[in-house]
Amino acid sequence: MAVYNTSRFIDGLLKTHENSPPSFTVRLYREHWTLNNGSKFLYNNQIASLLDDIRTRHIPVDFLELFDQAKLPFYEGCLIVELLDYRPTRSSDPELEQPEKTRLVLTPNDESRWTDICLMGQKSATPWSDADALELEAQLLLTTAPPLCLEPDIHLTRIVNATQRATTPPAPPSLKRKASALDQEADDIEKARRLKIMQFM
């Protein structure tokens, strides 16, 4: 049953690597956010999809190649992200001097595992066939997946489902800021464009 307790795994991973550096750090400000003290990004930028992946607590597939090139540390196949939130609770308040600090674990999913296998194939000295990639995926799944139950029991299934439901952390609210005046202006422009089109019909 321990393999079905997501919270216990995440808490154990964070405790084990309590003093380890995070894989990367995200700083959230009112108007923008930064990644590892790098450039400023707006919340409506394409790269802000990274925030959605952090919110769902999954390894971002679109950034795996960049993470690999940057040699970000992985911890037991997961990424540990440090969030530093400088945003005030009320919009009228000034930004916080001391941020709210949170450490999250981003876990792999099937898509990120397959992308990782493809990246390994690209780095290999000899080209991999599809059969080689599938064989590696099968070995990874055999090693990491919970044991397969070939004699299902309805009561055990209910217990496992209840355990997973109770221990899977809920998705936190979006890290992106709420709709701004710019978004409202863009909506007004779009409405005006639609009205103009309707007049010609």
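All values derive from a computational prediction rather than experimental measurement. If you read the sequence from its start, that first residue is 1, and numbering goes on from there.
In this structure, Ser124 contributes its side chain and Pro127 its backbone to no donor-acceptor pair below 3.5 Å. Between the Thr56 side chain and the Asp52 main chain, a donor and an acceptor come within less than 3.5 Å of each other. A donor-acceptor pair under 3.5 Å is formed between the side chain of Thr163 and the backbone N or O of Ile159. Of the possible donor and acceptor atoms, one in the side chain of Glu95 sits under 3.5 Å from a partner among the backbone N and O of Arg30. Side-chain atoms of Ser23 do not come within 3.5 Å of backbone N or O of Val81 as any donor-acceptor pair. Not a single donor-acceptor pair under 3.5 Å links the side chain of Tyr86 to the backbone N or O of Glu97. Remark: side-chain polar atoms of Thr34 are not paired, donor with acceptor, to backbone N or O of Leu28 under 3.5 angstrom. In this structure a side-chain-to-backbone donor-acceptor pair under 3.5 Å is missing from Asp11 to Arg8.
Considering every non-hydrogen atom in both Lys123 and Asp68, the closest pair reads NZ-OD2, 2.9 Å. Nearest approach of Pro108 to Gly77, heavy atoms of both residues: CD-O, 3.6 Å. Taking all atoms of both residues into account, the shortest heavy-atom contact from Ala133 to Trp128 is CA-CE3, 4.2 Å. Here the closest non-hydrogen pair linking Tyr43 and His32 is OH-O, 3.1 Å. Taking every heavy atom of both residues into account, Ile59 and Cys78 meet most closely at CD1-CA, 4.3 Å. Looking at every heavy atom in both residues, Thr143 comes nearest to Gln139 through OG1-O, 2.8 Å.
Between Ser49 atom OG and Arg55 atom CZ the span is 13.0 Å, to the nearest 0.5 Å. Distance check: Leu84 CG to Thr25 OG1 gives 6.0 Å after rounding to the nearest 0.5 Å. The structure places CG of Leu104 at 5.0 Å from CZ of Arg57, a figure rounded to the nearest 0.5 Å. With rounding to the nearest 0.5 angstrom, the CZ atom of Phe67 is 4.0 Å from the CZ atom of Phe24.
Donor-acceptor pairing under 3.5 Å is recorded for the side chains of Asn109 and Ser112. Checked by atom type, the side-chain pair Asn36/Arg27 shows no donor-acceptor distance below 3.5 Å.
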